[in-house]
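So that the names make sense, note that chain A is the first sequence line, chain B the second, and so on, each numbered from 1.
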Amino acid sequence: MDAIRLTNVVKKYGPVVAVENLSLSVRAGTMFGFLGPNGSGKSTTIGCMTGLLDPSSGQIEILGQRFDADSAAIKRRIGVMPETLGLFEPLYAHEFLAFVARMFGLDETTTRRRVTELLDALELKDTSKTLSEYSTGMRKRVAFAAAVIHSPEVLFLDEPFESIDPAGVSLMKQWLRRFTDQGRTVFITSHVLETVERICTEVAIITQPGKLVWQGDINVLQHNGQHFDSLEALFLHLTGERSADLNWL
Amino acid sequence: MWAKTRSRNGRIALFMVGYLLVVLLIALLAAGGLAAGIVAIRAGQGERIVQTVLFALFLQAVFASNIMGFGLNAIFSDTELRRYPVGALDRRLARHLIGIVDPFWFFFLALEFGLAVGISVMGAGSFWRGTSAVLLLFVCNYLFANVVALFVERLMQRKGGAAIMLALILVLSLGPSLIAPVLKKNPAIIPAVVARLQYTPPFGAAAAIIRYDVTAVYGFITIAVWIAGLTLLLILLEKRAPQRQAAASVKMSWESVFDSAGAFFGPRIGPFVGHWLRFYLRNNRTRLMVLISLPLLSFITVRTSERLGPHGLFVAALGTFPMATFMFTSRIAVNQFGYVGGAFRRYLLLPIEPVDIVRSASYASLVLGALMLPVVLLAWIAFAPGPFDARMLIMLACSGITGLLVFNALGIWITLFNPRRGKYNSSFGNDLSLGGNIVVIGGLISAFFVPAALYRAWPEAVSPDFWWMILPLPLLAAALYIGSLQAAGPVFTARREQLLAVVEGKA
C-alpha cells in the first residue's frame, strides 16, 4: 500500500512554477529521501503534502485519504517537522510539547508521560529557558519531539539533522529506524547525502522547478544504464555540477 | 532604510509617508503653530503662550510615543547592525538618525516650527534663533521619549518592576488631579513652580525663541544640557543588558490557570484557547497595558466629565468602559497571527478545522477583555459619587460588552485582511497595519467622542431614565461577532497562504 501518492501535482505562485507535474509514490514502511538543490521545490512539495499549501492542480493522497476530503483526519495521522520549525517562542519546551500533544487528542496521562520521556531522551530538561532562548540545535530537537509525540503513521521531516550534535542525530536515526520497522513511513528532505544514503531505503531527486528526475532503490544507483558509486555522484550528475573560479577568494 | 523600502509595499508606504508629510507640514504650518504664534503675540502674552504650547507638545509627544507606540520603531536593532564593520558609535548614530526621521516627530517639529515662524512674522523673535531652538527641542524630545521607553522596558524586565510601574502610573495619572486643588488654594506657589520650569527644555526653547537678552542664551544652554544629559542616559540604558525574568530553574508544571480557563471551551479547542491566553499574558506590552489602562482610563473619564456637565462622569464612563475591555489586548487582537512568526505554520499542521484557529485566538482576547468588565464595574460602584443607580450599571455594562464584541469582530477581519509581521517582544513602537491602527485608534476616539456627542445631540440616549434604549446594542454586537466568526472560517482557509507569507516575512 502507498502511504503517499502524488499524481501530476503542480504548484504555482502567480506565474512562477514551484512544482511541475510531480508524480510520486512512497510505500508504507519506507524511509524515503527526497532530495534536490536549493530552491528546487522540496519544501513546497512537503507543504502541499501536509495541507499547508493547496496544489494548483493534481492530486495528493496520504494513507489513502485526500486532503480536501477531511484534512483534520489526515493531520491526526501525520507528523511534520517543518523547515522553519514552527515553535512558539514564549513557551517553555514542556508547555509547547504538552500543547501539541493535547491538540492531537492525547489524554493527560499520556501527554505528561510522553513529554517527560521526550525531554529526557533529547536532553531538553533545562526548564529555565523559553524556546526563544534555546540554541538552534535544541530548537530542532523540540520540533522533532513535537512531530513524533502523537506517534504518527507518516512522518515528514524537512532538513531534520542540520545543527544537531552527532549524539542527537544518532538517537533520532535509531528512532526513525524503529519507526519504519513498525510499518510506518518517514519522508525526509536533507542536503546531507551521506546520512540519506545510510538511513533511507528509497530516494527521489527533483530539480528546479519541482521536476522529478530520478526515483529508485538506494542500493541500485543507476541512471540511463550508468551506475554510480555514491548518492552524491548520482545527485551531481542529475542536478549538474557547478564550478566558478573566483580569483580573489 | 533602503532595505525596508525595496518591496512594492515599502515603496508605496514611502511615497505615502512623503506625500502625507508634505501635506501635514503645509497644513500644520499654516493652521497650527503659525496661528498660535500670531495669537500669542497679539494677546500680549507671547512668552507665556509659547511656553505653554511647547510644554504641552513636548509632553504629548512623550505620552503618544510611549503609550500609542508612535515614533519609537527601530528599523534596525544593534544586533542586526553588528554584522557590518561599523563601530558602536556609528551603530548608535545610524539607529537614532533613522529613528528621528519618523514622520511622527516631524509632525511635532512642524507645529513647533510654525510657532517660531509665527513669532518671527510678528516681529517678536528672530527666525534663525527660533528655528535653532525648535530643532534642538525636537532632538531633546526624541531623546526624552526614548529614555522613558527604555527605562520602562528595563523596569518591566525586573522582578517587581510591574508594581513600581503601576505606582508610577498612578502618581502620573492622579498627580494633576491632586495638585490642581493645592494650586488653587495657594496661588502663590504658581510663580515658584513656573520658575522651576525655566530649567525644562520647552521653557528653555521658549526663552530662546522670544527673548533678546541673555535669557535667550540661557535657554539654549538649558536645552543643550538636557540633550547632553539625555544622550548619556540613553547610552547608559542601552548599554545595560536586559535582565531575564525567568528564574534559574523552573519546576515543570502541568497545571496552569491558562489551561484551566481554556478547558471551559471544551476538549476540541480548549488547549488552543489556553495556549492563546498564555501567549497574550506572557507579552510584556500586554502586561504593561493592563497596568496602564485602568489608571489612564480613570484619568480620561474624570477629565472628560469636567466638560460634560452634571451627569458628565457617567457619560464619560459610557465611553471609557468599552475602552477598558479592548485596550490592553488590542495590539494582538487585530493582528492575531502577526506575532507568532514561523509558528503560524504549526497552527495549520494541527488536526483542527481552520475556523477553530481564528476562533480560539479571538476567544482568548474576548475572555481577557471580559475579565476587565467586572473590575471597572466594581470601581464604578466604589468610587462614583452619588447614590447607587442600577440603571447606570446596566448601561455601563451594555456599553462595555458592545465595545468588546464590536472590537473583537473587527479584529478578526483585520487579522485576516490586513495582517503585519510584528515583534512579539517589543515593548514599544507601533507595529500595527493601517487597518489595525484605524480600528484601535478609531475605536479609542469613537469611544471617547460618541457618548459626549450623543449627550449634546440626543441626551435621552445616554440618560439613565431611558436605560432600556441601550439594551439592543450588545445583542447587535453579539450578532456581528458571531457572524464574523462564522464567516471567518472559509476566508481563513482561502487566505492562509497569503497569511503565511506575511507572518513569515516573505511577502
Side-chain angles (χ1 to χ4, degrees), chain A residues 11 13 43 47 50-54 70-96 98-109 111-112 115-116 119 125-133 139 143 146-147 150 152 156 158, chain B residues 244-256 258-259 262-263 267-276 278-284 286 339-354 356-357 360 423-425 493-494 496-501 503-507:
Chain A
K11 177 64 187 173
Y13 294 104
S43 294
T50 54
L52 277 174
L53 308 171
D54 289 326
D70 185 356
S71 69
I74 303 178
K75 284 176 183 174
R76 227 166 267 129
R77 301 174 69 187
I78 64 173
V80 186
M81 177 179 168
E83 193 183 8
T84 54
L85 305 184
L87 306 179
F88 299 107
E89 309 284 342
L91 268 58
Y92 293 95
H94 72 280
E95 289 175 339
F96 171 67
F99 163 66
V100 173
R102 286 170 189 145
M103 288 307 296
F104 275 96
L106 265 60
D107 62 66
E108 203 51 36
T109 316
T111 295
R112 292 181 188 187
V115 170
T116 313
L119 292 178
K125 285 175 282 185
D126 183 357
T127 52
S128 69
K129 288 177 180 170
T130 59
L131 296 177
S132 61
E133 295 165 303
R139 290 160 61 83
H150 57 293
F156 294 92
D158 201 350
Chain B
R244 275 185 53 225
Q245 266 196 329
S249 177
V250 176
K251 195 173 176 291
M252 206 189 288
S253 141
W254 298 104
E255 307 284 347
S256 89
F258 306 116
D259 296 323
R268 191 165 53 94
I269 64 165
F272 215 165
V273 177
H275 160 75
W276 270 106
R278 190 178 272 118
F279 194 77
Y280 267 99
L281 291 176
R282 286 228 173 123
N283 183 254
N284 265 344
T286 308
Y339 300 101
V340 296
F344 179 66
R345 204 168 269 257
R346 178 73 54 186
Y347 294 143
L348 303 173
L349 297 171
L350 296 172
I352 49 170
E353 296 304 320
D356 290 335
I357 299 173
S360 49
K423 285 182 186 164
Y424 178 79
N425 288 323
T493 307
R496 72 185 193 285
E497 289 187 26
Q498 285 104 308
L499 285 167
L500 192 65
V503 302
E504 289 189 348
K506 292 174 186 164

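- Considering every non-hydrogen atom in both B/P351 and A/A72, the closest pair reads CB-O, 3.5 Å.
- Within the 3.5 Å criterion, the main-chain N or O of B/P271 finds no donor-acceptor partner in the side chain of A/R102.
- The candidate with the highest count of non-hydrogen atom pairs below 4.5 Å against chain A, out of B/I352, B/N425, B/L349, is B/L349.
- Only the side chain of A/P82 comes within contact range of chain B, judged by heavy atoms closer than 4.5 Å.
- In this structure, A/L52 and B/R496 approach most closely via the heavy-atom pair O-NE, 3.2 Å.
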* Derivation of the side-chain contact (heavy atoms from CB on, under 4.5 Å) call for B/F344 and A/T84 -> CA-CA 10 Å; B/F344 179 66; A/T84 54; over 6 Å; no
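- When all heavy atoms of B/R268 and A/M103 are compared, the closest pair comes out as O-CE, 4.0 Å.
- Note that CZ of B/R278 is 10.5 Å distant from OH of A/Y92, once rounded to the nearest 0.5 Å.
- Per-residue heavy-atom pair counts under 4.5 Å with chain A were compared for B/E353, B/E504, B/R345, B/H275, and the maximum is reached by B/H275.
- Of the atoms belonging to A/L91, heavy atoms from both backbone and side chain fall under 4.5 Å from chain B.
- Between chain A and the residues B/D259, B/L350, B/N283, the largest count of heavy-atom pairs under 4.5 Å involves B/L350.
- Counting heavy atoms from C-beta on, the side chains of B/L500 and A/L53 come closer than 4.5 Å.
- Of the listed residues (B/Y347, B/F279, B/Y424), just one forms a ring-ring contact (aromatic ring centres under 6.0 Å, His included) with A/F88, and that residue is B/Y347.
- By the 4.0 Å N-to-carboxylate-O rule, A/E89 lies too far from B/R346 to be salt-bridged with it.
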